[in-house]
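Data first, discussion second: the structure below is written as structure tokens.
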Amino acid sequence: MKDIVRDGDPVLRAVAQPVAFPLSAEDKKLADDMMEYLVNSQDPEIAKKHQLRAGVGLAAPQVGVSIKMAAVLVPGDDGKILLKEVLCNPVIVRESVKPAALAEGEGCLSVDEDIPGYVVRHDRITIQYQNVAGEKKSIRVKDYPAIVCQHEIDHLNGHLFYDHINKKNPFSIAPDAVIVQ
Ligand SMILES: O=CN(O)CCNC(=O)c1cccc(Cl)c1Cl
Ligand code: NI
């Protein structure tokens, strides 16, 4: 896995380029490598052995490649996988008015410091994207998977999680918000 780019590098604030299909061998390998990183980072033994920070998503700009490609691997509480996909050229086409935030906030491989606060996002979204085969897909996600997808799609558009934390009161959020445990 290439080195992770840290906040301050302009690539994390750029709007990434659309991915062209059919994928080049390089882009296909990147997709595989990003998903492999997530799988390994969620395996306690492998993560410990290779000192990997756990991740439930990873976006190409985080490894210095400014293209619209992100891998997501979202486990459920029961160990089942809620969402495993490589999102190419994802677009959020519908988003709920209802906000949501992870109770424990968010972290990012590209942001070394912990930044506490509710990262205010949409509770439900519909995403249109292409998979690595170039097939057009549309998925509706809510709660944790929706939050992860928004975190990753943000990376493809030059946004970082702390952009969505209220500066004056980091734990302020609308009363109807879903706080995801
Ligand atoms: O962009 C991906 N990363 O930075 C990988 C590390 N962060 C996470 O896995 C992570 C942690 C908490 C909440 C969310 Cl939403 C995410 Cl995504
Ligand atoms: Ni991140």
Side-chain angles (χ1 to χ4, degrees), residues 1-16 19 30-44 46-48 50-77 79 81-90 92 95-96 99-125 127 129 139 141-165 170-171 173 177-181:
M1 173 49 65
K2 303 171 195 244
D3 289 340
I4 296 290
V5 168
R6 292 306 199 283
D7 193 3
D9 186 311
V11 75
L12 291 172
R13 289 301 185 179
V15 175
V19 171
L30 180 62
D32 294 344
D33 289 349
M34 293 199 302
M35 185 57 80
E36 187 185 28
Y37 176 87
L38 296 180
V39 170
N40 290 341
S41 79
Q42 293 180 24
D43 178 313
I46 302 176
K48 189 168 186 311
H50 296 283
Q51 297 297 310
L52 303 179
R53 253 185 77 181
V56 289
L58 190 61
Q62 294 185 273
V63 291
V65 182
S66 195
I67 61 172
K68 290 209 167 185
M69 180 189 282
V72 289
L73 179 60
V74 186
D77 297 338
I81 293 177
L82 291 178
L83 179 64
K84 178 175 186 177
E85 185 60 284
V86 175
L87 305 171
C88 298
N89 303 324
I92 295 173
E95 55 195 24
S96 66
L102 286 184
E104 71 270 15
E106 295 184 13
C108 186
L109 285 178
S110 300
V111 179
D112 287 329
E113 61 276 2
D114 285 339
I115 305 177
Y118 286 144
V119 181
V120 183
R121 297 193 184 277
H122 300 281
D123 184 45
R124 295 164 182 259
I125 58 173
I127 307 168
Y129 69 94
I139 55 171
V141 287
K142 70 179 172 76
D143 300 339
Y144 188 34
I147 287 170
V148 173
C149 288
Q150 290 172 81
H151 180 116
E152 300 315 325
I153 294 169
D154 265 357
H155 274 306
L156 306 181
N157 293 300
H159 305 299
L160 294 172
F161 75 91
Y162 58 79
D163 298 345
H164 306 289
I165 296 175
F171 288 94
I173 195 162
V178 176
I179 303 300
V180 177
Q181 297 301 331

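The first residue of the sequence shown is numbered 1, and numbering continues consecutively from there. Atoms within a ligand are numbered from 1 in the order they appear, just like the ligands themselves. Only a predicted model underlies this, so the values are computations on that prediction, with no experimental measurement involved.
- Taking any N or O of L109, backbone or side chain, at least one lies under 3.5 Å from an N or O belonging to ligand 1.
- The protein non-hydrogen atom at the shortest distance from atom 16 (C) of ligand 1 is V56 CG2, 3.7 Å.
- Scanning the protein heavy atoms around atom 17 (Cl) of ligand 1, the nearest turns out to be E152 OE2, 3.3 Å.
- The proximity of H155 to ligand 1, defined as any non-hydrogen pair under 4.0 Å, is limited to the side chain.
- Closest approach of S66 and A14 over heavy atoms only: OG-CB, 4.3 Å.
- Compare A101, P145, G107 by their heavy atoms: the one nearest to atom 7 (N) of ligand 1 is in G107.
- Angle NE2(H151) to the Ni ion (ligand 2) to NE2(H155), rounded to 10°: 100°.
- Nearest heavy atoms, A59 versus L156: CB-CD2, 4.0 Å.
- For ligand 1 and E106, the ligand atoms under 4.0 Å from any heavy atom of the residue are 12 (C), 13 (C), 15 (Cl).
- The environment of CG in D163 is crowded: more than 12 heavy-atom neighbours from other residues, nucleotides or ligands sit within 6.0 Å.
- Annotation: side chain of D143 is not in contact with side chain of R124 (no heavy-atom distance under 4.5 Å).
- A donor-acceptor pair under 3.5 Å links the side-chain atoms of D9 to the main chain of V11, judged by distance alone.
- Residue contacts with ligand 1, taken as heavy atom pairs separated by less than 4.0 Å, involve L102 solely via side-chain atoms from C-beta onward.
- Under the 3.5 Å distance criterion, the side-chain polar atoms of N89 are matched with a main-chain donor or acceptor of V19.
- Closest non-hydrogen pair, A146 versus I125, comes out as O-CD1, 3.9 Å.
- For CG of D112, the number of neighbouring non-hydrogen atoms (other residues, nucleotides, ligands) closer than 6.0 Å is greater than 12.
- In summary, the atoms of ligand 1 found under 4.0 Å from a heavy atom of G55, numbered by their order in the structure, are 9 (O).
- The shortest contact between atom 14 (C) of ligand 1 and any protein heavy atom is with H151 ND1, 4.0 Å.
- From the protein, the heavy atom lying nearest to atom 5 (C) of ligand 1 is G57 O, 3.2 Å.
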